[in-house]
2 protein chains.
Amino acid sequence: MSQSAVSRCFKPGASISAKTRAKVEKAARQLGYQPNAIARGLITRRSNIVAVIISEPTNLNYPEVLSQLNRRLGERQVHILLFTLSRERDVNLALDQVWQYQVDGIIAAAQFTAEQIAACEDRGIPLVFYNRVYTQQGVSAVCCDHADGERQLIEGLLSNKRKNFVVMSGPADSAVSTARTKGAVTRLKQEKVNLMQVAGDYSYESAVECVHEVMSTKKFSPDAFVCANDTMAIGCIDTLRHDYGVAVPKDIAVVGFDGVGAAAWLSYDLTTVVQPVQRMVEAAVNMLLERVEDDSIPAETRLFAGQLRLGSSAQLEA
Amino acid sequence: MSQSAVSRCFKPGASISAKTRAKVEKAARQLGYQPNAIARGLITRRSNIVAVIISEPTNLNYPEVLSQLNRRLGERQVHILLFTLSRERDVNLALDQVWQYQVDGIIAAAQFTAEQIAACEDRGIPLVFYNRVYTQQGVSAVCCDHADGERQLIEGLLSNKRKNFVVMSGPADSAVSTARTKGAVTRLKQEKVNLMQVAGDYSYESAVECVHEVMSTKKFSPDAFVCANDTMAIGCIDTLRHDYGVAVPKDIAVVGFDGVGAAAWLSYDLTTVVQPVQRMVEAAVNMLLERVEDDSIPAETRLFAGQLRLGSSAQLEA
DNA sequence: CTGAAAGCGCTTACAG
DNA sequence: CTGAAAGCGCTTACAG
């Protein structure tokens with residue numbers, strides 16, 4: 001048994017006789033032999049590992065994203081080296097590790113600086129952003145159309161005769177929150193309505209505090225809360241009902257964004273925009289692996305429309 | 001510059017003069033050089049990668065576990081190769097990949113067969129289970145004491161004069177669900193109370209169906225629901241309130257298990273057992289890495305008590 | 001303290 | 001179709 005013969009046996013399409021193949025396979029079975037993917041990667045310069053960098057692991061949306069990613073990549077025999085960031089600024093720490101592990105590509109749900117993006121390019125590591133868009137050239141991304149989703153929600157609330165809006169944003173360093181908040185505010189500024197902005201951090205608890213802040217403001221009595229994610233919208237509904245006896249949606253309408261599982265729970269039945277996670281993940285994986293195969297493929301940004309979910313937390317027209 | 005000099009420069013404690021070190025570091029900075037961890041792993045037989053295998057990614061508990069794991073392992077410069085299983089039986093597929101990637105160890109929140117455990121041992125790959133216990137020798141595990149947690153909940157419900165219990169289990173192939181259900185049922189069988197068992201799958205939707213099933217059963221009118229996880233407990237509360245106008249906890253008490261974020265939401269304020277995730281993860285990481293360093297260290301099972309959270313979904317005594 | 005050499009487990013032209 | 005040889009980028013005795 002030569003080394004080469006064994007190697008060819010595990011390489012699909014290599015020229016090898018049925019006889020040698022049988023011999024190798026038998027021995028492999030007896031010894032429990034599996035080719036060493038690390039050594040293979042060293043010579044082929046393909047590790048079949050992709051780094052997944054996520055900065056908001058607490059976002060309820062992310063387990064689904066991660067498990068979809070694992071499924072889609074797994075189908076193509078690609079593995080995930082996982083990096084969850086506690087703070088957005090830890091990107092550099094993660095990237096240092098990424099270089100060392102010779103990953104084939106990066107899927108990032110985190111904010112990169114221009115230098116960080118350039119560093120990936122310099123090293124020839126394809127990079128696809130998930131739910132971040134960059135205006136600069138040559139950056140691939142899949143993204144849910146946050147601005148348009150917010151626009152749809154606001155249209156509905158407006159034709160519902162809502163006049164006094166609260167827009168609740170997420171963490172200041174979250175690009176997703178910024179996009180959503182900006183989408184909502186931009187549309188609202190075109191109308192003659194009152195607008196108050198408050199800053200949460202995506203968490204239920206932060207929404208509770210924001211609602212207290214709003215409700216203790218004299219001279220402003222809101223009739224609609226527009227929240228940057230579902231978790232905060234849920235926090236709003238609970239606080240309004242339990243602490244202020246407000247009827248939702250009769251007195252105040254509440255809308256969220258994401259389409260997490262809890263949005264459909266009977267206590268909330270949230271009006272929200274559902275991100276097409278499956279399609280987004282599929283697109284991200286395809287775009288990344290295409291560019292791994294062929295580095296001449298140009299960058300591309302794909303924007304997916306979210307789907308309006310009409311719940312009873314805000315009775316919009318269909 | 002010899003290869004050896006560069007190598008020593010990146011190895012802490014190696015004998016190298018300040019002068020050469022400076023020269024190497026300067027060059028490294030200019031070229032953006034980082035040692036290739038893959039090649040290093042090939043020769044040192046240490047990849048600094050740990051496989052994390054999770055079979056219930058939909059469990060709301062798991063994002064926190066994963067992000068804690070990442071933090072704890074990251075502190076020790078160890079990385080996570082992630083495997084999420086859609087079905088418990090995919091363990092073999094995951095393990096095949098695990099062998100190829102020469103991981104240093106495995107953390108598994110999934111059910112392994114005796115053969116699968118033996119395969120890890122044969123290959124000398126340390127294995128620590130998370131929230132699974134095995135009675136066989138030589139298996140390391142950290143686990144929340146599910147049975148004792150259930151016992152505490154049941155004691156409380158009993159001293160509350162509850163008489164007609166529903167125990168709702170999770171998926172049949174989940175060891176965690178089995179342990180919890182068995183803990184509850186064992187304790188209940190010691191008392192003169194009525195008991196009905198129903199089978200959910202950990203999801204909110206399955207709890208809704210279970211409640212319908214129970215409430216349409218003539219001759220049985222429950223006054224306590226004991227659910228194998230928080231998500232189902234939440235589904236119970238919602239269904240009881242919205243579909244049957246039941247007062248929780250006055251008419252029917254509901255308890256869960258896990259201590260997920262939503263348990264504290266105002267609409268639920270769940271009585272549940274909180275898993276000490278931080279401590280459990282810390283223990284799992286320590287146990288695994290100890291055994292990576294020194295394979296003579298014997299296996300160990302560590303059982304952590306869960307902490308009772310007294311919410312208003314069941315008014316237990318303190 | 002430093003460098004030349006061997007070797008980790010693979011793949012891949014190259015000759016036969 | 002098959003095997004010997006070179007080489008991927010490292011680390012680590014070994015000599016100097």
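Residue numbers begin at 1 in each chain, while the letters A, B, ... track the order of the sequences.
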**Asked** What's the closest nucleotide to the A:Arg8 side chain, out of D:dG3, C:dT12, D:dC10?
**Response** D:dG3
**Asked** Which of these nucleotides, D:dC8, C:dC10, C:dT12, is closest to any side-chain atom of A:Arg45?
**Response** D:dC8
**Item:** Base partner of C:dA4, which must satisfy Watson-Crick or wobble distances under 3.5 Å
**Value:** none
**Prompt:** D:dT2 phosphate, OP1 or OP2: any side-chain N/O from A:Thr20 under 4.0 angstrom?
**Reply:** yes
**Item:** Nearest-neighbour nucleotide for the B:Ile16 side chain, C:dT2, D:dC8, D:dC10 considered
**Value:** C:dT2
**Request:** Output yes when at least one side-chain N/O atom of A:Tyr33 is less than 4.0 Å from OP1 or OP2 of C:dC10, else no.
**Result:** yes
**Request:** Could you tell me whether A:Ser17 contacts a base, only the sugar-phosphate backbone, or nothing, with contacts defined as non-hydrogen atoms closer than 4.0 Å?
**Result:** sugar-phosphate
**Asked** Is any side-chain nitrogen or oxygen of A:Lys11 closer than 4.0 Å to OP1 or OP2 of C:dT12?
**Response** yes
**Message:** The side chain of B:Ala5 is closest to which nucleotide in this list: C:dG3, D:dG7, D:dC10?
**Reply:** C:dG3
**Request:** When you get a sec, tell me which of C:dA4, D:dC1, C:dG9 is the closest nucleotide to the side chain of A:Ala39?
**Result:** C:dG9
**Message:** Any base atoms under 4.0 Å from A:Ser7, or only sugar-phosphate, or nothing? Heavy atoms, all strands.
**Reply:** base
**Asked** Which nucleotide, in any strand shown, forms a Watson-Crick or G-U wobble pair with D:dA13, with both distances under 3.5 Å?
**Response** none
**Message:** What contact category does A:Gln100 fall into here, base, sugar-phosphate, or nothing, at under 4.0 angstrom with non-hydrogen atoms?
**Reply:** nothing
**Request:** Measure from the side-chain heavy atoms of B:Ser4 and tell me the nearest of D:dC10, C:dA4, D:dT2.
**Result:** C:dA4
**Message:** Measuring only between side-chain heavy atoms, which start at C-beta, is B:Leu82 closer than 4.5 Å to A:Leu66?
**Reply:** yes
**Asked** So, for A:Phe112 and A:Phe129, is the gap between ring centers shorter than 6.0 Å?
**Response** yes
